[in-house]
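Read the structure below first, then the notes.
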Protein chains: 2
Amino acid sequence: MTTPRTPTILDVAREAGVSRQTVTRALNDMADIAPATRERVVAAAQLLGYRPNRAAQSLVKGSGTTIGLLVESLRNPYYAELASELSRAAAARGWGLILCDVGYGTDRDARLSPLLRRVDALVGCLPAGATADVGVPFVSVDNPDETVGDATVWIDHEAGVRAALAHLVATGRRSIAMIDSGPEPSTRCLAYRAFLTEAGLPWSEQSEVRVEESHDGGIAAAAELLDRGVPLDAVLAFNDVLAIGAMKEMAKAGRRVPQDVAVVGMDGLDVGGLVTPELTTAATDRGAIAAAALDLVADLLAGDRRRREVATGLGESLGTRPRRTVVPHLEVRASG
Amino acid sequence: MTTPRTPTILDVAREAGVSRQTVTRALNDMADIAPATRERVVAAAQLLGYRPNRAAQSLVKGSGTTIGLLVESLRNPYYAELASELSRAAAARGWGLILCDVGYGTDRDARLSPLLRRVDALVGCLPAGATADVGVPFVSVDNPDETVGDATVWIDHEAGVRAALAHLVATGRRSIAMIDSGPEPSTRCLAYRAFLTEAGLPWSEQSEVRVEESHDGGIAAAAELLDRGVPLDAVLAFNDVLAIGAMKEMAKAGRRVPQDVAVVGMDGLDVGGLVTPELTTAATDRGAIAAAALDLVADLLAGDRRRREVATGLGESLGTRPRRTVVPHLEVRASG
DNA sequence: TTGAAAGCGGTACCAA
DNA sequence: TTGGTACCGCTTTCAA
């Protein structure tokens, strides 16, 4: 038994006894077609299970922009909220957004390559130095390593850290530890040190813990801090996920939050509102981050065009478009 | 100044002084091309900012499957976790997954239509009777209304409810309320009633609250239950998000959870592990749900083919493939 | 109202 | 090692 290939517009035309243009007219609700003819065509298409070939359609109409979103895992609420914003921002521009949940650890590249042949550009939120040279424009979001990608959305975490610490100081805290993430002191951590110094607050190596960026990491960090037995009336965490883990461990160890020790996170995730007490956090505007990322993608896509104009002697000059957008922090959102 | 149109392979060929096939060879790392020629071509492509047209490429090579994922909002952790699984399952099949975060309320269709011209099928997780007749195969996930979509992933919530209630009863609870969602009693709610009856446990209309499916809904529901002043030593919630809201409100009202009142959710979301105490929940296997959904998509896509065979007299018979996959619940995950 | 022909931008096969 | 040519499936323009 021969498997018939998937039917094309020609098959429908043959079946309906008309030409292919007539099929197009019928199936696309165009004018100038006799109702009877249309019905016959529609019936034929239905019978054959015809569905227009998307690639052919795109080829002739222009394919529209599709971008890929790279995240470690959508189970991390930070990425989930960002993806939500990006999806809407993309939809607003009429762009498609292909999701690539690369997952922690392994075969990043394996998951990546099938994606690359489908997108015009990539927006990525990957911590490590992964994903260097893909073939398409690449906008990295909140990546401390600015050498990654063709453009960067940079979040002003220094301001966020200062706001968070100012809040703690204003509420009378003096022994403030920091839960940092990553092998090296982050920008946030450096800002933390600078603030403490300027404010004349105590700091020592014992004030900092460095853990993996996860809920469990937050738990481990809090346990470690308590273990050290140093004075501690507040903790600033690298982000909300860590902060929530820390809060949980503090409570488990019998410390009252925030009476005994205040915990402040960064990001302003929804989950911060689910826990008790609600998490105090230096929030970022993920809508703005998403918008900035898509603007950069648009710039990059347009930049190719501009570069071409110059190359062909038609353009004026390249014009130095910023390849780095700085997104500010919002106010500190204190818990009830 | 004329804006040059985006360069095609022909432009590169002209620039490099070769034929277009040679360009293809050079750019696709194919054999049988002189290194010098390749370099020249690559340079020309680089100069022109050439990038192959995806649509054209797809047209000639076969476009590969791309599916769309419809969710209310990725800010709802349930959808986020499901999207994560679906993304990976799709990647494993070499499929692309376009995300459509339709958002609550408004312009669903507006967000939907640009998506439809990009996908071969749709997987949707929409509660209301939205999105009836899209032009592509549609698999609805966990939708109580089975008339929606061409196939359904059905979750055996009845078993989940029974397991959850059995757990409560085993720990000595007798006055068990239910927080339900939606205007009508859900399947879960009916299962709840049946279980109570069979177990000889008390039930009255006062035992149920019906609220909007959100964290705030959970808060409101708990407040309402407490207001009623009926006996209450346990609450079963329609899902984890509601349960977490309820837990929070209970604690706020001075009820100890779980000593005074136990709260059980359904879903088994990660967030259940973030709150204190950790949420007890009747978990589902979202990996299985995702796999089932993609299997159904594959069936649907293949079904078109089969239908065609029959229509053209080549196929045997349609064969009644199930259009509804039932995914079981996992065990109840009790808190510490 | 319908049909014929010319592309859209690539890749593949065969001949040079 | 390279180029010529057909063709992928659809839409659009122009005639009939």
Side-chain angles (χ1 to χ4, degrees), chain A residues 4-42 44-45 48-66 116-120 135-136 304-305 308, chain B residues 4-42 44-45 48-66 116-120 135-136 304-305 308:
Chain A
R5 55 171 185 24
T6 101
T8 74
I9 197 173
L10 287 173
D11 298 311
V12 179
R14 194 176 312 121
E15 178 73 28
V18 298
S19 72
R20 60 204 220 152
Q21 303 65 21
T22 302
V23 176
T24 293
R25 288 190 192 101
L27 266 29
N28 295 16
D29 293 314
M30 304 174 73
D32 292 329
I33 182 171
T37 311
R38 161 168 318 182
E39 277 173 37
R40 196 148 34 93
V41 171
V42 169
L48 265 37
Y50 168 76
R51 192 158 302 137
N53 177 307
R54 267 187 301 114
Q57 229 161 232
S58 299
L59 178 56
V60 70
K61 308 191 75 153
S63 29
T65 304
T66 300
L116 291 179
R117 58 182 65 266
R118 294 185 149 103
V119 301
D120 299 304
V136 297
D304 282 348
R305 205 173 310 127
R308 208 174 301 135
Chain B
R5 52 168 187 29
T6 100
T8 74
I9 197 171
L10 287 172
D11 297 311
V12 179
R14 194 176 311 120
E15 178 73 30
V18 297
S19 71
R20 59 202 218 157
Q21 303 66 22
T22 301
V23 175
T24 293
R25 288 189 193 102
L27 265 28
N28 295 15
D29 291 316
M30 302 174 72
D32 293 330
I33 182 171
T37 311
R38 162 168 319 184
E39 277 173 36
R40 196 150 33 92
V41 172
V42 169
L48 265 38
Y50 168 75
R51 192 159 302 138
N53 177 307
R54 267 187 302 113
Q57 236 161 347
S58 298
L59 177 57
V60 69
K61 308 192 74 153
S63 30
T65 304
T66 301
L116 291 180
R117 57 181 65 266
R118 295 185 150 104
V119 301
D120 300 302
V136 296
D304 282 348
R305 205 174 310 127
R308 207 175 300 136

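Remember, predicted model here, so these are calculated numbers, not experimental data.
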From [X] atom [atom1] to [Y] atom [atom2], the distance as rounded to the nearest 0.5 Å:
X: A/Thr22; Y: A/Ile9; atom1: OG1; atom2: CD1; value: 9.5 Å
X: A/Leu10; Y: A/Arg20; atom1: CG; atom2: CZ; value: 5.0 Å
X: B/Thr8; Y: B/Asn53; atom1: OG1; atom2: CG; value: 9.5 Å
X: B/Ser58; Y: A/Arg117; atom1: OG; atom2: CZ; value: 9.0 Å

Rounded interatomic separation in angstrom, taking [atom1] from [X] and [atom2] from [N]:
X: A/Arg117; N: C/dG10; atom1: CZ; atom2: P; value: 15 Å
X: B/Lys61; N: C/dC13; atom1: NZ; atom2: P; value: 12 Å
X: A/Arg40; N: C/dG3; atom1: CZ; atom2: C1'; value: 14 Å

ask   = What does the inter-axis angle of the helix from C/dT1-D/dA16 to C/dA16-D/dT1 come out as, five pairs per end, nearest 10 degrees?
value = 40°
Can you list, in residue-number order, the parts of [range] that come under 4.0 Å of DNA chain D, counting heavy atoms only?
range: residues 18-26 of chain B; value: B/Val18, B/Ser19, B/Arg20, B/Gln21, B/Thr22, B/Arg25
range: residues 52-59 of chain A; value: A/Pro52, A/Asn53, A/Ala56, A/Gln57, A/Leu59
range: residues 27-35 of chain B; value: B/Asp32, B/Ile33, B/Ala34

inquiry  = Quick check on DNA chain D: between B/Val60 and B/Arg38, whose nearest nucleotide comes earlier from the 5' end?
reply    = B/Arg38
note = On a heavy-atom basis, the closest approach of A/Ala56 and B/Leu59 is CB-CD1, 3.6 Å
Distance-minimising heavy-atom pair for A/Pro7 and A/Leu48 = CG-O, 3.5 Å
Throw together a table of side-chain donor-acceptor distances under 3.5 angstrom for residues 28-41 of chain A, partners on residues two or more places apart or in other chains.
unit_1	atom_1	unit_2	atom_2	d
A/Arg38	NH2	A/Met30	O	2.8
A/Arg40	NH1	A/Ala16	O	2.6

query = Excluding sequence neighbours, so at least two apart, what forms side chain to side chain contact (heavy atoms under 4.5 Å, CB included) with A/Thr66?
reply = A/Ile98, A/Val119, A/Asp120, B/Arg54, B/Arg118
request  = Report yes if the side chains of B/Tyr50 and B/Thr6 come closer than 4.5 Å at any heavy-atom pair, otherwise no.
outcome  = no
message = Checking A/Gln21 now: which residues fulfil side-chain hydrogen bond (donor to acceptor under 3.5 Å, both in side chains) with it, not counting sequence neighbours?
response = A/Ser19
ask   = With sequence neighbours excluded, what pairs up with A/Asp11 under the side-chain hydrogen bond (donor to acceptor under 3.5 Å, both in side chains) test?
value = A/Arg5, A/Arg14
message = Students should find this one: the first and last nucleotides of DNA chain D, 5' to 3', lying under 4.0 Å from a heavy atom of chain A. What are they?
response = D/dG9 to D/dT12
